[in-house]
K.L.:
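Can you keep this structure in mind? I'll have questions shortly.
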Amino acid sequence: MEDRYKPQEIEARWQAYWEENEIFRVESEGKDRHYYCLEMFPYPSGKIHMGHVRNYSIGDVIARYKKMRGYSVLHPMGWDAFGLPAENAAIQRGIHPKTWTIENTNYMRAQLKKMGFSYDWSREVTTCTPEYYRWNQWFFLRMFERGLAYRKSSFVNWCHSCGTVLANEQVLDDDRCWRCDSRVVQKELDQWFLKITAYADELLEGCEVLTGWPERVTTMQRNWIGKSEGVEVDFPVEGLDEPLRIFTTRPDTLFGVTFMSMAANHPLASVLTGDKAGLQRVRECYGDIQAKEGVFTGHYARNPLTGERVPIWVANFVLMEYGTGAVMAVPAHDQRDFEFGRKYGIDVKVVIQPEGEVLAPATMTEAYVDPGILVNSSDFSGLGSEEAKGRIMDHIEGQGLGRRKLNYRLRDWGVSRQRYWGTPIPIVYCDTCGTVPVPDEQLPVLLPEDVDLTGGGSSPLARHEAFVRVNCPVCAKPARRETDTMDTFVDSSWYFLRYTGQPSDRPLDSTQVSRWLPVDQYIGGIEHAVLHLLYSRFFTRVVRDIGLMEVDEPFRNLLTQGMVIKDGAKMSKSKGNVVDPDHLVGHYGADTARLFALFAAPPEKDLEWSDKGVEGAHRFLHRVWALVFRHSGNSGEFEPGALEGAGRAIFRKTHQTIKKVTLDIDRDFHFNTAIAALMELTNDLTNFSPATAPDRGVMRFALERLILMLSPFAPHIAEELWGGLGTARTSVSQAPWPSWDEEAAREDEIELVVQINGKVRARAMVPAETTEETLKSIALSQEKVVEALRGKPPRRVIVVKGRLVNVVV
RNA sequence: GCGAGAGUGGCGGAACUGGCAGACGCACCAGACUUAGGAUCUGGCGGCUUCGGCUGUGGGGGUUCGAGUCCCCCCUCUCGCACCA
């Protein structure tokens, strides 16, 4: 073995070895223990960045560790390869999106291989290939059959200059297009939707069983789904046949209604309101969080419970998107209604009194929104507000005035994109037959390659005559294809199923899915807390209901890694604080890059990048190399029970380190402290000079275990050192993870801390098994303790076995 | 505003069920080897100190023999949601 650590010379060699010997290929057969370790696949934007390095280093440690623990590990990688940047590159640089994408995947695959990640590349998935996206189409058709994919008119973000729809996240803060900076407008278009709301309840309830997910992620999903239980009530409108329907979660305040308010874009708003200028004024501050603007319609409604006549207003803060677009207003018990009512001089009627207090409309400064006792509420007066909710809802339903209703914040998922680089939606429009699904046997609907992307205006596919023209699958008359493509979140909603098996005639291999799913550990960024992770949970249930598998939840455990930041800010080109993984790997090697990414912070926290810290990680690897080199020829027999002195201490430290590293990985993947423990062991070994044969044996024993434990973090150097230790062996990645012996790890001496009144005053080395009585007498005989006691007996003595004695004087 | 999380040396971060605060690494200081050091090795490294100690985990109070850890109040920061009726 070389005397100096030269990562550039060894890393490529081991990468080739792993590849040639298919070390990380996982078999599909066998009844062994298996483990599915998955990291979010990247968008092939060109090069991997530090976020990828960190994400994939975390996953790789887990995968390699589980493999050493005897699991069959499925650890795949692929490409989220459809998407907008490919089209932009085409427009800006004249490269075809496919060429651009494939070139990027080739480059990035090479980068990932240079990082030494243990992927089973035979399972690679690329979503922009017909072999993959035909199954997007297949799933879409199954959803269409079930009424889960439907078309409706809806408002979208539209950029005139780019001639296309923008996703919400592609619209900048001031309503400008992220690409061309022109104004984005709302435009009504026919769009395809997937009916995720049909699963709203199940997705919500599923959050309960996701105990392996960070709580904040399930909380965000719960909030996103936004279920609320309430009641819909019809308020008759004077002079109108049609009642005004409202939704409320506070039926207990129904007796306190003093006006009604509706959204400015409510269908009745323009019908009822005479003051068109006022209506326009309200409309202009629709959704403005500061404002409380309203206009009186001139009409009145009748409270169906009380018969009271209440004015109907249009208010800017009432949203058409939620509930029925109209609300009953209770100024006494709703802060918005209170502010609105004050501004426009509307009555406040108190119907809930807090205990031990009496609210009066004249003196209230804010709405009382908490529970209390009902007053002025007919037969319901005197009830607690929580109880009253149920009773009043019963009454409303019994009288036929309304019905209980669940409302969700969650909207159906709009998947239409007026883009080229995506999955064509497999639908044909026929003048005779209407909306016709493309038959399965005609899939895939291929994305044509000869398109004009530079034209602007309409979507590229809509301009592609040969694509658009088609004969109707039902009546064979000329018809037109749907020219929208699918949101790329469709691609990423089921790719983890496709990794388990890639049959050419079916979307997935049910046997393999049931073998591997759910994913044991999923690792990725928090930015997908709702979007990708919610869509995948939805898709998984659809695939289940189609009958292809029995999985409910796709990801059993989720680890959301923190951002990589530098100089206090997220790495970005515009801030000029990016670290290029290529340079890093070229200079220090992949092992150093991995080690630092794992050492500098626990995975779920943000990681502050430090060039100096990287050098520290690099130095550590040099020290390990030098240590192994120095002792590579050493060996010797030893009897653990017979060890003494330094040799015994090293033996114990080795067992302690195995224990700590194993538990740190198993409990929360705290690699930073695991690596710190390996550094400690290395420091101890560096200071250990074995002089006897048993000592040399202990050194070798310790080095072997050090290398085994280092291997998931820094696999290349571990392979090389494993070989450097001499005897013929297989790849270190195929060696079993070391185990520890509690007995051997136990300290035989401890430093007893002696406190007086809780302050450390003395220390003494004592055998670890010393009894409490003896510890007490040792403590009391300490010079400082004797001084402090001055002959008097201690007030109290607390003995913590194996740790300390506190003498209270 | 609501919800969640976090505040520990110059920095990143350790500290299991309350029991030696600051592991490990970085930076820094001193020394060794050197023509040289931005290489390597050794040692030191929270603050104050009359060298006995004192003090210290955002601030204040409390429980306890003992609090970074538990309880109450306050401050700051980060993230998420933000008129959801």
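Below, read A as the first sequence line, B as the second, and so on, with proteins coming before strands; counting in each chain starts at 1. These figures come from a predicted structure and were not determined experimentally.
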K.L.:
Within the distance-only criterion (no hydrogens, no angle test), does the side chain of A:Q8 pair as donor or acceptor with the backbone N or O of A:H587 below 3.5 angstrom?
P.N.:
yes
K.L.:
Do any pairs count as a salt bridge (charged side-chain N to carboxylate O under 4.0 Å, His left out) and have a residue in residues 617-628 of chain A, sequence neighbours left out, and if so which ones?
P.N.:
none
K.L.:
For B:rG19, take OP1 and OP2 only and decide whether either is under 4.0 Å from a side-chain N or O of A:K801.
P.N.:
no
K.L.:
Quick check on B:rG52: syn or anti? Syn means the glycosidic torsion is within 90 degrees of zero.
P.N.:
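Syn for B:rG52; the angle stays within 90° of 0.
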K.L.:
Which value, in whole Å, describes the distance between the P atoms of nucleotides B:rG56 and B:rG22?
P.N.:
16 Å
K.L.:
State the syn/anti category of B:rG31 according to its glycosidic angle, syn meaning within 90° of 0.
P.N.:
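This nucleotide is in anti.
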K.L.:
Is A:T253 reaching over with its side chain to a backbone N or O of A:G256, donor-acceptor style, under 3.5 angstrom?
P.N.:
no
K.L.:
Counting only side-chain nitrogens and oxygens, does A:R761 get under 4.0 Å of the OP1 or OP2 atom of B:rC54?
P.N.:
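Checking B:rC54 against A:R761, a side-chain N or O does come within under 4.0 Å of OP1 or OP2.
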K.L.:
Return yes when atom CD of A:E397 has more than 12 non-hydrogen atoms of other residues, nucleotides or ligands closer than 6.0 Å, and no otherwise.
P.N.:
yes
K.L.:
Which part of the nucleic acid, if any, lies within reach of A:R216 when heavy atoms closer than 4.0 Å are counted: base, sugar-phosphate only, or nothing?
P.N.:
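Result for A:R216 = sugar-phosphate.
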K.L.:
For A:V318, answer base if it contacts any base atom (sugar-phosphate contacts may also be present), sugar-phosphate if it contacts only those atoms, and nothing otherwise; contact means non-hydrogen atoms under 4.0 Å.
P.N.:
base
K.L.:
For RNA chain B, which residues in residues 595-619 of chain A have a heavy atom at a distance below 4.0 Å?
P.N.:
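Contacting residues: A:F599, A:A600, A:P602, A:K605, A:D606, A:K612, A:G616, A:R619.
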K.L.:
Near RNA chain B, under 4.0 Å by heavy atom, which residues of residues 659-677 of chain A?
P.N.:
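Those residues whose heavy atoms fall under 4.0 Å from RNA chain B, taken from residues 659-677 of chain A in numerical order, are A:N672, A:T673, A:A676.
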K.L.:
Ignoring hydrogens and geometry, is there a side-chain-to-backbone donor-acceptor pair from A:H670 to A:I665 under 3.5 Å?
P.N.:
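Side chain of A:H670 to backbone of A:I665: no pair is present.
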K.L.:
Under 3.5 Å, is there a donor-acceptor pair between the side chain of A:T657 and the main chain of A:L678?
P.N.:
no
K.L.:
Remember a base hit wins even if backbone is also touched, and classify A:R623 as base, sugar-phosphate or nothing at under 4.0 Å, heavy atoms.
P.N.:
sugar-phosphate
K.L.:
What would the secondary structure line of RNA chain B be in dot-bracket form, counting Watson-Crick and G-U wobble pairs under 3.5 Å, with [ ] for pairs that cross earlier ones and | for pairs with another strand?
P.N.:
(((((((..(((......[....))).(((((.......))))).(((....)))..(((((..]....))))))))))))....
K.L.:
Does NZ or CZ of A:R409 fall inside the cone over A:W224's six-membered ring, less than 6.0 Å from its centre and within 45° of the axis?
P.N.:
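Judged by the rule (NZ or CZ under 6.0 Å from the ring centre, within 45° of its axis), A:R409 counts as positioned above A:W224.
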K.L.:
Taking only the P atom of each, what is the distance from B:rU50 to B:rA32 in whole angstrom?
P.N.:
29 Å
K.L.:
Of all the nucleotides listed (B:rU55, B:rA85, B:rC24), which has the minimum atom distance to the side chain of A:T248?
P.N.:
B:rA85
K.L.:
Look at the rings of A:Y344 and A:W313 and say which category their plane angle falls in: under 30° parallel, 30 to 60° tilted, over 60° perpendicular.
P.N.:
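It falls in the tilted class, 30° to 60°.
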K.L.:
Mind checking the C1' distance from B:rC33 to B:rA23? Whole angstroms is fine.
P.N.:
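After rounding to an integer number of Å, I get 30 Å for this pair.
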K.L.:
Between A:N683 and A:T324, who's closer to the 5' end of RNA chain B by nearest nucleotide?
P.N.:
A:N683
K.L.:
Describe, in one word, how the ring planes of A:F247 and A:Y322 are oriented to each other, choosing from parallel (under 30°), tilted (30 to 60°) and perpendicular (over 60°).
P.N.:
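Perpendicular, since the angle between the ring planes exceeds 60°.
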K.L.:
Measure the distance from CD on A:E366 to C1' on B:rG1 and round it to the nearest whole Å.
P.N.:
11 Å
K.L.:
Assign A:K292 to base, sugar-phosphate, or nothing according to its heavy-atom contacts below 4.0 angstrom with the strands shown.
P.N.:
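Here A:K292 touches the bases of the nucleic acid.
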K.L.:
Counting primed atoms plus P, OP1 and OP2 as sugar-phosphate and everything else as base, spell out the protein contacts along nucleotides 64-73 of chain B at 4.0 Å heavy-atom distance: B, S or - for each nucleotide, 5' to 3'.
P.N.:
-B--------
K.L.:
Count the heavy atoms of every other residue, nucleotide or ligand shown that sit under 6.0 Å from CZ of A:R216, and state whether that count exceeds 12.
P.N.:
no
K.L.:
Roughly how many Å apart are B:rG60 and B:rC81, using the P atom of each and rounding to a whole number?
P.N.:
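Rounded to whole Å, the distance is 36 Å.
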K.L.:
Got a sec, which residues hit side chain to side chain donor-acceptor pair (under 3.5 Å) with A:T219, two or more places apart in sequence or on another chain?
P.N.:
none
K.L.:
Less than 3.5 Å apart, any donor N or O on the side chain of A:T673 or A:D664 sitting next to an acceptor on the other?
P.N.:
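Judged by distance alone, the side chains do pair up.
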K.L.:
In whole Å, what separates the P atom of B:rA82 from that of B:rU57?
P.N.:
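Straight-line distance between the two P atoms is 39 Å.
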K.L.:
If you pin A:K784 and A:R763 to their nearest nucleotides in RNA chain B, which one's is more 5'?
P.N.:
A:R763
K.L.:
Would you check if the side chain of A:R761 reaches a backbone N or O of A:Q782 as a donor-acceptor pair within less than 3.5 Å?
P.N.:
no
K.L.:
Determine whether the side chains of A:D412 and A:T197 contain a donor N or O and an acceptor N or O closer than 3.5 Å.
P.N.:
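A donor-acceptor contact under 3.5 Å links the two side chains.
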K.L.:
Does A:E773, at its CD atom, have more than 12 non-hydrogen atoms belonging to other residues, nucleotides or ligands within less than 6.0 Å?
P.N.:
no
K.L.:
What's A:T219 touching, base or sugar-phosphate or nothing? Going by heavy atoms closer than 4.0 Å.
P.N.:
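Nothing, no nucleic acid heavy atom in range.
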